[in-house]
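A quick write-up on the structure given underneath.
Nothing here was measured: the structure is a model prediction, and the numbers come from that model. FYI, side chains are in, hydrogens and waters are out, and symmetry mates aren't considered; it's all heavy atoms of this structure.
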Amino acid sequence: MSDSSDPTNSGPYEGKTLSTRTFTITERLLDDHYRGLDLQPSQSGLIPSTLASEPDNGYFTEIAYPYQKGHLWLRQQVRLHKPMKEGASYIVNGHIKEIYRKRNRNVVHYEIAVSEADGSISIHSNHHQSFLAEELEGESVAFRKPNEKPGARQFRIPEGQEFGGLTKTITREMCGIYFHGDANYHTNQESAQQLGFTDVVVGGRMTMAYAARVLEDFFGESWWNGGEMDLKFTNPVWCDDELRIRGVVTGPHATRQEALDCFVWIEKHDGTIALIAEASVLA
């Protein structure tokens, strides 16, 4: 991935235009994706629909605040227009859409578009990255138990046609492969501790990829051609957590003609919900 201009060091602000980048879907990128997630290529023959998280993540230095201890990815919205292709190169543009406060965090919401050379868009993505509004008191970020959070309620499986049921345990080795051997807080204990985490934090890109995979397997090409997902990371995932990825078709979409609504979630072995996603797919 290359930059057409040097990112500024001005910090995040609403309306900031991010650098134009190029993104090529290489054989190594695909290999690291499948091996890092312990998955086989989809039977559809299409490449993973969440590969655009690679250039999305590449904008971090342009959207981040200087103080980065405890930063977390809160939410991701994805709109698919058409499949990307192995070996193809794409143009990536982005801008910071808004900055808003959520409890003790400042959230930077930036939008990117991944386009072919002719300008046709393959994927729109909206990323909500959060940063602590004040510096940590102590050495590490404290996470409350899910049932102790204000307004906590019991998770209930929506009614509808169930799909998915994928089960995975993410190891430190898998994280290292997925992130191409880079030492960061998703792969390295020391790097995680420097950012205020007691252990390696499994990357949100990995859990998001699992959520998308059950949609890919169930809906096939319909997912790549018009699928939409609004995903929220509700609790951190740590190495060696056992995850179960499930989905439910809940019924017709309220406004999108010929589209179905779906709900996807990731549950840990102890019942903690790590991720929830509302999705719609053209039937």
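- A donor-acceptor contact closer than 3.5 angstrom is absent between the side chains of Thr272 and Asn235.
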Could you please spell out the steps behind the side chain to side chain contact (heavy atoms under 4.5 Å, CB included) verdict for His180 and Leu29?
CA-CA 8 Å; His180 320 305; Leu29 181 64; 3.7 Å; yes

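- Taking the six-membered ring for Trp and thresholds of 30 and 60 degrees, Tyr185 and His71 have ring planes more than 60 degrees apart, a perpendicular arrangement.
- A search for ring pair (Phe, Tyr, Trp, His ring centres under 6.0 Å) contacts involving Tyr210 returns nothing, not counting sequence neighbours.
- Between Glu62 and Ser19 the shortest heavy-atom distance is OE2-OG, 2.6 Å.
- Residues forming a salt bridge (charged side-chain N to carboxylate O under 4.0 Å, His left out) with Glu111 (at least two apart in sequence, or on another chain): Arg79.
- When the shell of 6.0 Å around NZ of Lys85 is examined, it contains 12 or fewer heavy atoms from other residues, nucleotides or ligands.
- Below 30°, between 30° and 60°, or above 60°: for Trp73 and Phe233 the angle between ring planes is between 30° and 60°, a tilted geometry.
- Every residue two or more places apart in sequence or in another chain that forms a side-chain hydrogen bond (donor to acceptor under 3.5 Å, both in side chains) with Asp38 is listed here: Lys168.
- Here Lys232 does not pair with Glu278 in a salt bridge; the nearest charged N to carboxylate O distance is not below 4.0 Å.
- In this structure Glu162 satisfies the salt bridge (charged side-chain N to carboxylate O under 4.0 Å, His left out) test together with Arg246, sequence neighbours excluded.
- Take Glu173 and apply the salt bridge (charged side-chain N to carboxylate O under 4.0 Å, His left out) test, not counting sequence neighbours, and it matches no residue.
- Dense packing is recorded around CD of Gln189, with more than 12 heavy atoms of other residues, nucleotides or ligands lying under 6.0 Å away.
- By the ring pair (Phe, Tyr, Trp, His ring centres under 6.0 Å) test, Tyr67 is found to be paired with no residue, residues two or more places apart in sequence or in another chain being considered.
- Partners of His33 under the ring pair (Phe, Tyr, Trp, His ring centres under 6.0 Å) rule, at least two apart in sequence or in another chain, are Tyr178.
- Taken together through direct or relayed side-chain contacts under 4.5 Å among Ile, Leu, Val, Met, Phe, Trp and Tyr, Phe23 and Leu30 form part of one hydrophobic cluster.
- Under the 4.5 Å side-chain criterion, counting only non-hydrogen atoms from C-beta, Ser222 is in contact with Val281.
- For the pair Tyr65/Leu132, no side-chain contact is recorded, criterion being any heavy-atom separation below 4.5 Å from C-beta on.
- For the 3.5 Å distance criterion, the side chains of Thr167 and Glu242 fail to qualify, holding no donor opposite an acceptor.
- The environment of CD in Gln193 is crowded: more than 12 heavy-atom neighbours from other residues, nucleotides or ligands sit within 6.0 Å.
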Check against side chain to side chain contact (heavy atoms under 4.5 Å, CB included), Leu37 and Met206
CA-CA 7 Å; Leu37 296 172; Met206 299 179 75; 3.8 Å; yes

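- Counted by atom type alone, Ser120 and Lys82 present one or more donor-acceptor pairs between their side chains at under 3.5 Å.
- Side-chain atoms of His253 and Glu228 include no donor-acceptor pair closer than 3.5 Å.
- Legend: residues meeting ring pair (Phe, Tyr, Trp, His ring centres under 6.0 Å) with His124, ordered by chain and number and at least two apart, are His81.
- The other members of the hydrophobic cluster of Tyr100, by chain and number, are Leu74, Val107 (side-chain heavy atoms under 4.5 Å, ILVMFWY only).
- Although no hydrogens or angles enter the test, the distance criterion places a donor-acceptor pair under 3.5 Å between the side chain of Arg21 and the main chain of Gly58.
- Under 3.5 Å, the side chains of Glu216 and Ser44 contain no donor-acceptor pair of N or O atoms.
- Among pairs with a residue in residues 34-57, none fulfils ring pair (Phe, Tyr, Trp, His ring centres under 6.0 Å), at least two apart in sequence or across chains.
- Shown here are the salt bridge (charged side-chain N to carboxylate O under 4.0 Å, His left out) partners of Lys69, two or more places apart in sequence or in another chain: there are none.
- In this structure, Thr171 has no side-chain hydrogen bond (donor to acceptor under 3.5 Å, both in side chains) partners at least two apart in sequence or on a different chain.
- Residues Ile47 and Trp224 come closest through the heavy atom pair O-NE1, 2.9 Å.
- Proximity of a side-chain donor or acceptor of Thr187 to a complementary backbone N or O of Cys175 within less than 3.5 Å is not detected.
- Relative ring orientation between Tyr59 and Tyr110 is described as perpendicular, the plane-to-plane angle rising above 60° on a 0-90° scale split at 30° and 60°.
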